[in-house]
Amino acid sequence: MAQTVCILLDAAAKAQLTGIAGDRSRPLKHILRARIILLSAERLSVQDVARHAGVSRPAVWRWQQRYGEEGVDGLLRDKTRPPGIPPLPLRAVAEVLALTCSEPPGEVTHWTGRAVAERIGISLRSVQRIWEAHRLQPHRVRTFKRSHDPAFVEKVEDVVGLYMDPPAHAVVLSIDEKSQIQALERTRPDRPLGPGHPAAQTHDYTRHGTTTLFAALNVLEGTVLGRCMQRHRHGEFIRFLNAVEAAVPAGKLVHVILDNYAVHKHPKVRAWLVRHPRWTFHFTPTSASWLNAVEGFFSALTRRRLRRGTFTGLVDLQVAIKRYIAEHNRKPKPFVWTKPAAAIFDALNRAPEPSV
């Protein structure tokens, strides 16, 4: 391509182009094109115009020709271009969606992007874009478990009612135990996080025993009372209940939310309840530990302190857990349950049962 246009500017066009070139609020591409035409009008060579404007010679030729054909308006408007790759037809998109949601052939468990692309005859990236647009993730699977407790409805309403409308002059506690917490010591020091690589731990470790954490979450205040014990039998559970009893102010009723672990229903635990009439146990339905608020605290403890931790012994592990509880209690946040029982039942009823 060579120069085929001689730029001649009248006073009005020169004034308009000068205004565009000096307007800092305009897009930079408009300013650059106006400068190319102004420099070209000074009878400079294409090479000199390109050097002064900081562009290539083909760019100078292109915008000289555009100005010659369309004037100043042509400099302010980009030409529409057809896409390099034509969009997929709706039929191909529908085939990808239908195939992804169907059972794959053979013994494989789910469709992969390459398998779908090969079957439909399109690129892997096209399949990935369709999945992203329709929020399909065939490589992921979520587990679930339905409760078959005959008193499921009554127990859910009872527990959710305590969360959303706790009794006046009462303390609502969520109690559970996290058993078999291992004191693991890594055989080499951890490697810290750095640019381009994550933190690293050795795969092997030395075991120094296990401990059980009994914890009571005060739903209204967000504080946690915890005790580490060697085992989790009914005797240790009663000792923990005695510790909670001493910590709760006198004169307040105590409502406790627990799961259906056998220790919580031991005859000696029932006898302890008879001796402490201000206490009331509220059991979650079977296979519904997600109703127990203290499970959220256990999850945070595992993720933030235990999973990556290295402990030289059982005492070191127990001290670390106590420090974490103390830090948590310095800035407690009340537990807030937002979903009423009716919404839970509606969600369960919408979920289809697997076909047999």
Side-chain angles (χ1 to χ4, degrees), residues 1-101 111-140 192-200:
M1 184 177 182
Q3 184 174 7
T4 59
V5 177
C6 180
I7 302 297
L8 299 176
L9 297 179
D10 56 19
K14 185 175 182 179
Q16 187 177 3
L17 290 171
T18 303
I20 294 173
D23 189 354
R24 294 186 177 182
S25 63
R26 283 187 176 273
L28 181 61
K29 59 183 181 181
H30 295 170
I31 297 175
L32 187 60
R33 296 166 189 174
R35 288 188 59 201
I36 290 173
I37 302 304
L38 290 172
L39 290 170
S40 300
E42 296 177 4
R43 300 293 189 273
L44 297 177
S45 65
V46 172
Q47 186 172 357
D48 291 338
V49 173
R51 185 175 65 252
H52 284 86
V55 297
S56 64
R57 288 184 299 170
V60 175
W61 292 328
R62 180 187 312 117
W63 294 112
Q64 285 178 346
Q65 183 173 356
R66 181 75 63 82
Y67 179 78
E69 295 173 351
E70 302 181 22
V72 177
D73 291 340
L75 304 178
L76 306 181
R77 182 176 62 252
D78 294 332
K79 286 188 175 181
T80 58
R81 299 179 179 88
I85 301 176
L88 287 174
L90 294 179
R91 181 179 178 182
V93 175
E95 288 181 6
V96 170
L97 298 179
L99 195 63
T100 305
C101 297
W111 284 101
T112 64
R114 287 180 174 84
V116 173
E118 183 179 358
R119 175 67 69 87
I120 303 297
I122 59 178
S123 67
L124 171 61
R125 185 57 191 144
S126 296
V127 174
Q128 292 171 340
R129 280 195 293 265
I130 295 172
W131 283 355
E132 291 171 2
H134 294 82
R135 301 175 62 186
L136 287 176
Q137 298 176 325
H139 63 285
R140 297 184 61 190
L193 173 73
H197 64 85

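On a predicted model such as this, the values are computed, not experimentally measured, just so you know.
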For the [atom1] atom of [X] and the [atom2] atom of [Y], what is their distance to the nearest 0.5 Å?
X	Y	atom1	atom2	value
R57	R62	CZ	CZ	13.5 Å
R77	H30	CZ	NE2	10.0 Å
L99	I120	CG	CD1	5.0 Å
E132	Q137	CD	CD	9.5 Å
K14	I7	NZ	CD1	13.5 Å
E42	I37	CD	CD1	12.0 Å

State, yes or no, whether a side-chain contact exists between [X] and [Y] at a heavy-atom distance under 4.5 Å.
X	Y	answer
D48	R51	yes
L39	V60	no
I20	L75	no
L9	L38	yes
L76	R26	yes
W131	P138	yes

Which of these, V116, T112, I130, V127, sits in a side-chain contact (heavy atoms from CB on, under 4.5 Å) with T100?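 Of the listed residues V116, T112, I130, V127, the side-chain contact (heavy atoms from CB on, under 4.5 Å) partner of T100 is V116.
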
Look at the side chain of R35 and the backbone N and O of A53, then say whether any donor-acceptor pair between them is shorter than 3.5 Å.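 Side chain of R35 to backbone of A53: no pair is present.
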
Do side-chain atoms of R66 reach the backbone of D78 as a donor and acceptor pair under 3.5 angstrom?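 Side chain of R66 to backbone of D78, a donor-acceptor pair under 3.5 Å: no, none is there.
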
Within 6.0 Å of [atom1] in [X], more than 12 heavy atoms from elsewhere:
X	atom1	value
L90	CG	no
E118	CD	no
Q47	CD	no

List the atom of G113, the atom of L124, and the distance in Å for their closest heavy-atom pair.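 Reported closest heavy-atom pair: C-CD1, 3.4 Å.
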
Output, in order, the C-alpha distance, side-chain angles, deciding distance and verdict of side chain to side chain contact (heavy atoms under 4.5 Å, CB included) for V96 and L88. CA-CA 11 Å; V96 170; L88 287 174; over 6 Å; no

